[in-house]
Every structure is written in C-alpha cells, then in structure tokens.
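Accompanying notes for the structure given below.
We count ligands from 1, going down the list as the structure has it; atoms in each ligand are counted the same way.
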Amino acid sequence: MYEYVPGLAGVPATKSKISYIDGEKGLLSYRGYPIDALTENSTFEETASLLLNGELPTKQGLDEFDRGLRLNRKMKYRVRELMHQLPSTAHPMDVLQAMVGCLGMFYPEQEDEDGPNSASLNSANQTSISIIARMPTLIAMWEHLRNGYDPVEPREDLSHAANFLWMLTGKEPDPFLAHILDVCLVLHAEHTINASTFAVMVSGSTLANPYAVVASGVATLAGPLHGGANQAVISMLEEIGTAEKAAAYVEAQLSARKKVWGFGHREYSTKDPRARILEKLMRQLVEYRSGEVGPLFNIALAVEDAATERLATKGIYPNVDFYSGVLYREMGIVPDQFTALFAMARVAGWLAHWKEQLADNRIFRPTQIYIGEMDRKYVPVEQRDR
Ligand code: COA
C-alpha cells in the first residue's frame, strides 16, 4: 500500500518559501537570495530578520529588530542559579537544550485565547527575538560556570557576533574575528528541512510552546550525524596529527567502512557551498594572521584531497562541518562548544520554519508499515519458559 523510504530520503514533508538547495550545482539561497550575496553583504541580524519575515528589512525595520536582540540578551538571576546546579562535566548541547526549554518558564509568551503555554503567531516575532537573543548568553554563561567563574554580562553596544565573543572571553572582541563569526552565523542560519528543522516542525505542529520547540531542535542537532559532526571533525584532525598522515588515515577509515567526518550530505552531490565559503574565510584568517595559525587547516586540506579522490565518484564531498571547527578553534573556542555555535545560528531558521508551520498548520502524523507479529496468545508469567 505504502512505499517505505528509509530516512524519508527524497520524500517532501512540507512546502516552504524559506530556503532552497540545488544539490547538483552546489547552490543555497535564503528567501531567494544566494548565500554568497548574503555572506558578502549581510549580517546575522539582517539575515535572521529576512528568514523570519520573508523580506530584507528596511533600515528602520533592521534597527528595531537589532535593538530587540540587544535588549533581550540579559538573563534573569534565577536562570543562572539553575544553570549553576548542572554538573560541570555536562556537554554544552545538553545544557543548551535544558536551558532553552527552561527559558519558556522565565520568559513566558503573552497569554492569548489559546492559553498561556500555546504557540501564537501574534507573539511569534517577539518570542523569536527573545530566543535568538538569549541563546548566545546561555552558551557563554555555561563556558564560565563550568570552569568555576562568574559569567560575563552581555553588552548592548556590540553586534550579535561581537557580543558573543565578548561574553565568551571577557575581552574586547577583535573586529576581524567578530566578522568571521558573523559570516559563520549567516552560513549556519538555515538549511531547508534537515533533521533538526524537521524536529522543530513536528513539535511546532502540536502547538507546543516555542521554547520547547527550539529545545527539540537543539536535541536533534546534537547528534554526530548532524551538527555534532563539527566536533567530530576536530577530533579526527587532531588524531591524524600531520598533513602527511592524512591520506593513510582516510584509506584506513574507508577500508574499515568507517566515515570521514565532515564529508557527505543527503542534499549535495558536490562540495557544499558553505564549505567552500568557510574554506575561503579560513584562507582570509591565515592572511590576517600572516600565516601564524595552528596545523589543523593544513591537515584539513590534505584530508579533503585524499577523501575527495576516494569519495567523489559517490558524490561525497566536504560539508559545512568540515571547515567550521577549524575556524572556531582559531578563535580559541573549545571543540565541545562548536555545535552550540551552530545552534545559536540555526535557531533563526528553526523559528522561521516554526512560524511558517503555524501559519498553515496540520499536525504531523505519518503512518507506519507494521512488521511485527499478530494475534499472539497471552501466556501468564509463571508459564513462560523464557
Ligand atoms: N565518509 C565515508 N563514506 C560516506 C560518508 C563519509 N562521510 N558519507 C556517506 N558515505 C557513504 C556511506 O558509507 C554509503 O556508502 P555505501 O552506499 O557504499 O554503503 C553512502 O555514502 C551513503 O551514505 P549514507 O550514510 O547512507 O548517506 P545519508 O544520506 O543517509 O547520510 C550523512 C548523510 C551526512 C549523514 C552522511 O554522509 C554522514 O554520516 N556523513 C558524516 C557525518 C557528517 O559529516 N555529518 C554532517 C552533515 S552536514
């Protein structure tokens, strides 16, 4: 009766106006604007507004959106108290998932006729700003708290990216690094109906509260087959150690039928356009630092060459996670925070899909093909021999 497609590969689960991928040509656009144009000209703040509202904002619209983000960065004291109770060994993505969910209790949506905990399109923009603004604060707070220090208070005079670097390091952010981070945020902000966005849409379709909806996105992004791959890439590059050992490592992995992290994508049969832009950014950073960068970039280039030689015939090339971690490492960010940075950007896309889902909602309820047994006879426990 039904065709079962594992992983729903190629099965359309929605209609969307938010982003578009041409996997053969390696193209990505948000709301019709090519990703190259956005990374060259836009900012994360403007891109988030574009994703949420469908149009590039006017100067006044952008100022208001940006101001909303700046004013919502602060965190109530009790959120910090709560975070303080978490074990210092907790992974940042587990902390982020728990704390984003908790924010819904501290910053509830305005009550409307559907009740206090329901999703509401009326307050969707305000709620989106509240969540997007506070994700960086949560991530930076955890970095300090888990190391036994007080968090650094957010500042209103800095951009989204620069303020994050400020909160993370407590030092005046380097404008070039803030620019690189800003481009990374634009690049990670949206990517059609991937696993975490689908999770957001499914939970959003039940009219669950948006903080819980975003928590489901964070949970889904955390796995190494999705956003967690950026941390796995750095572990792989560190394990390889030198560029000369890259080819042998790739050979050994593939012979053992293991994956090369940061390679492959369900949608792209060519190099992910985001990997191309991130590689270019890394080259700019090398130039900015007059070549004074760590060894990981050269190892990554060698892995790309070796893996492409073996995997290109299968349409497997570097994806977004391949170079992002190398850049973050150069910014002094610790690897287990990489996926949280991904979430801090992707939250804009998640909320755009949440809004789009609510505007024409029908609860997700797919079907299954039952392959278990039928009509079994119940045996009392004392008569069972196994
Ligand atoms: N390294 C080596 N082989 C890979 C590979 C990789 N990174 N990614 C896919 N393949 C191979 C698989 O082994 C499989 O080979 P086979 O047909 O001979 O069995 C084939 O390509 C299809 O892979 P599959 O895992 O079924 O593709 P998918 O579309 O279900 O999964 C990913 C896509 C992204 C999950 C997958 O490519 C992957 O696991 N990549 C590594 C993790 C990663 O970087 N994730 C971040 C994505 S942005």
Report task. Mind telling me whether F342 and H226 have parallel, tilted or perpendicular rings, with 30° and 60° as the class edges? Result ->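 Because their plane-to-plane angle is over 60°, the rings of H226 and F342 count as perpendicular.
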
Distances only, to 0.1 Å: what are the N or O pairs between ligand 1 and the protein that fall under 3.5 Å?
residue, atom, partner, partner atom, Å
ligand 1, 1 (N), V260, N, 2.9
ligand 1, 7 (N), V260, O, 2.7
ligand 1, 7 (N), F263, O, 2.8
ligand 1, 15 (O), K314, NZ, 3.0
ligand 1, 18 (O), K314, NZ, 2.9
ligand 1, 25 (O), K259, NZ, 2.7
ligand 1, 29 (O), R266, NE, 2.7
ligand 1, 30 (O), R266, NH2, 3.0
ligand 1, 39 (O), K259, NZ, 2.9
ligand 1, 40 (N), F263, O, 2.9
ligand 1, 44 (O), G262, N, 3.0
ligand 1, 44 (O), N319, ND2, 3.0
ligand 1, 45 (N), L225, O, 3.2

Report task. Would you check if there is a donor-acceptor pair between the side chains of Y323 and D272 at a distance under 3.5 Å? Result ->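 Their side chains do not contain a donor-acceptor pair, so the 3.5 Å distance test is not met.
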
Query raised in the report: Between the side chains of E64 and Q60, is a donor N or O closer than 3.5 angstrom to an acceptor N or O?
Result: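 Yes, side-chain donor-acceptor contact under 3.5 Å.
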
Report task. Return the set of residues passing salt bridge (charged side-chain N to carboxylate O under 4.0 Å, His left out) with E330 (not counting sequence neighbours), or none when no residue passes. Result ->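 E330: salt bridge (charged side-chain N to carboxylate O under 4.0 Å, His left out) contacts with R289.
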
Requested in this report: Would you please indicate if the ring centroids of F198 and F364 are separated by under 6.0 Å?
Outcome: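 Centroid separation for F198 and F364: below 6.0 Å.
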
Query raised in the report: Does atom NZ of K245 have more than 12 heavy-atom neighbours, drawn from other residues, nucleotides or ligands, at distances under 6.0 Å?
Result: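 No, not enclosed.
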
